[in-house]
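Here's the structure we're looking at; comments come further down.
Labels below follow one simple rule: chain letters A, B, ... track the order of the sequence lines, proteins then strands, and each chain is numbered from 1. We use all heavy atoms of the structure for the numbers below, so side chains are in, but hydrogens, waters and symmetry mates are not. Everything numeric here is computed off the predicted structure, so don't read it as measured data.
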Protein chains: 2
Amino acid sequence: MTSATSAAPASVRRSGTKGVARADREQQILDVAGRVFAEHGFTATSVADIAERAGISKPLIYNYFGSKEGLFERCLQVASELLVAEIERTAQLDVVGIDRALATLDGVFRVLAGRPWAWQIADDATAPEVGLALLDSYRRRLEDIAVVGVGQLLTLAGDHDPLDLEALTAVWSSVFSALVAWWIEHPDVTPQEMTSRCGRLFGAVFGVVPAAPDA
Amino acid sequence: MTSATSAAPASVRRSGTKGVARADREQQILDVAGRVFAEHGFTATSVADIAERAGISKPLIYNYFGSKEGLFERCLQVASELLVAEIERTAQLDVVGIDRALATLDGVFRVLAGRPWAWQIADDATAPEVGLALLDSYRRRLEDIAVVGVGQLLTLAGDHDPLDLEALTAVWSSVFSALVAWWIEHPDVTPQEMTSRCGRLFGAVFGVVPAAPDA
DNA sequence: TTGATGTGACTCGGGAGTAAGTTACCACGA
DNA sequence: TCGTGGTAACTTACTCCCGAGTCACATCAA
């Protein structure tokens, strides 16, 4: 209708707005960036690659996020808020022991559906200086919660060694990461299926069948 | 004679051999490189950094290893041979279940003493193309062994789901990595202490006290 | 003297970051 | 209903620096 479309260059898009609002575009970039950062790590990821995958140009990223580090920080922030909120919510529930672990896993799987990179991004060994502080506080908050659950288990077993607590907490975090990583490699599996799978595995390992979480 | 050397600086060492044999120097470079690669990942590590930490110059590394990727591959190879040999040795023993897991951990901790990077290097998400094949075959050999042990546990619990086996194997590998990583952050702890710590933790988690390995 | 060990000083490509321009949407007045 | 500016969204085409890889040469043990 509007006249201008008459001799519009059908194939090649040139510069100029595409009618996408800044907020939407930022969201889209964050999603792509999070995925790529999680896959290759901060250093091995190039801004040009993110731009290409997002179907935009590099300067737009700099326009919206200032720098590669700024983009990474925003990704971390998104992931942090998402996960910490969910895990703190689960920690409020009055379940303990294995059932608490399962409930936490279940919540995280639900939150992570569609953006599984949010968990992986915290394990980046190549994160820039500025991100380290954020990363640390983020990890610390998650570990503070894990320590409580793990501590219950160890106390129950009569183990009061603080280093044992520290080590087992690290192990538990790692188990969590491994399950998420496995899930990412099996995209067809739903969060619900993951939770019931974890239930089975916990049962086999601990020799008990935990109560099924409300599915 | 040569004009510039007029005021020959007594302190600064210039070029020329330092009397170190190639084999020794290669070993030294591999050790430094493995450490740095494990810490920062392949991409985030610069050859110049490795050279500086080893107290030599960059071209010597290229002279001995051809390229950054070549150096990385050699590191992988060293780590692979070291660990696969030890784990296959342990797999020959006729212990099963938790005791087998403990025996494996014990052997690996002993092998890793002094070069803990050998385990971490396999988890590099930024590894170059050429290293990927090597990395995969390396991981696969370790996992083939892990699968047997994990399979015993699951079968015992009446779980015959192949995906469960796959997931739990990934978890077990991850537990292994976490314990090694924790150990690296606590350099004072001896391999023997690590093994007994693992025994305690396993006991707490599995609710049984496993037989102590021959220390 | 010869060959192994070793280095200073380069080249060159790739990726972070930038300057300046281009296009489309959207008020607002006539 | 139509221009018409103003501004937000977007790009091309750069600069610049850091790090991989190289070359020619220096030193020393035998």
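A straight line from CG of Asn63(A) to C1' of dA19(C) spans 12 Å, rounded to a whole angstrom. In this structure, the NZ atom of Lys58(A) is 9 Å from the P atom of dG15(C), given to the nearest Å. In this structure, Ile61(A) places its CD1 atom 16 Å from C1' of dT12(D), rounding to the nearest Å. Taking atom OH of residue Tyr64(B) and atom C1' of nucleotide dA4(C), one finds them 7 Å apart after rounding to whole Å. Atoms CD (Glu69(A)) and P (dG15(C)) sit 17 Å apart, rounded to a whole Å. One atom, CZ of Arg22(A), and another, P of dT7(D), lie 16 Å apart when rounded to the nearest Å. The interatomic distance linking Glu129(A) (CD) with dA16(C) (C1') rounds to 17 Å, in whole Å. Rounded to an integer number of Å, the gap from CG of Leu60(B) to P of dA26(D) is 18 Å.
Put simply, the side chain of Lys68(A) gets close to the backbone of Thr45(A): a donor and an acceptor are under 3.5 Å apart. With hydrogens and angles disregarded, no donor-acceptor distance shorter than 3.5 Å links the side chain of Glu143(A) to the backbone of Thr169(A). The backbone N or O of Thr195(B) lies less than 3.5 Å from no partner atom in the side chain of Asp106(B), so there is not a single donor-acceptor pair. Here the side chain of Arg74(A) pairs no donor or acceptor atom with the backbone of Leu30(A) at under 3.5 angstrom.
Nucleic acid contact for Ser46(A): sugar-phosphate only, since backbone atoms but no base atoms lie under 4.0 Å from a heavy atom of the residue. In this structure, Phe65(A) reaches neither bases nor backbone, as no heavy-atom distance under 4.0 Å exists between it and the strands shown. Here Thr45(B) lies in heavy-atom contact (under 4.0 Å) with sugar-phosphate atoms only.
For Ser57(A), counting side-chain heavy atoms from C-beta on, the closest listed nucleotide (dG17(C), dT5(C), dT12(D)) is dT12(D). Considering only side-chain atoms of Val47(A), the nucleotide from dT11(D), dA16(C), dG6(C) that sits closest is dA16(C).
Note on Tyr62(B): every side-chain N or O is 4.0 Å or more away from OP1 and OP2 of dC23(D). Distances shorter than 4.0 Å separate none of the side-chain N or O atoms of Arg25(B) from OP1 or OP2 on dA4(C). When the side-chain nitrogen and oxygen atoms of Thr17(B) are compared with OP1 and OP2 of dC28(D), none of them lie within a distance under 4.0 Å. Within the structure, every side-chain polar atom (N or O) of Lys18(A) is placed at least 4.0 Å from both OP1 and OP2 of dA8(D).
Relative ring orientation between Trp172(B) and Phe202(B) is described as perpendicular, the plane-to-plane angle rising above 60° on a 0-90° scale split at 30° and 60°.
Between Gly55(A) and Gly19(B), the residue whose closest nucleotide on DNA chain D is further toward the 5' end is Gly55(A).
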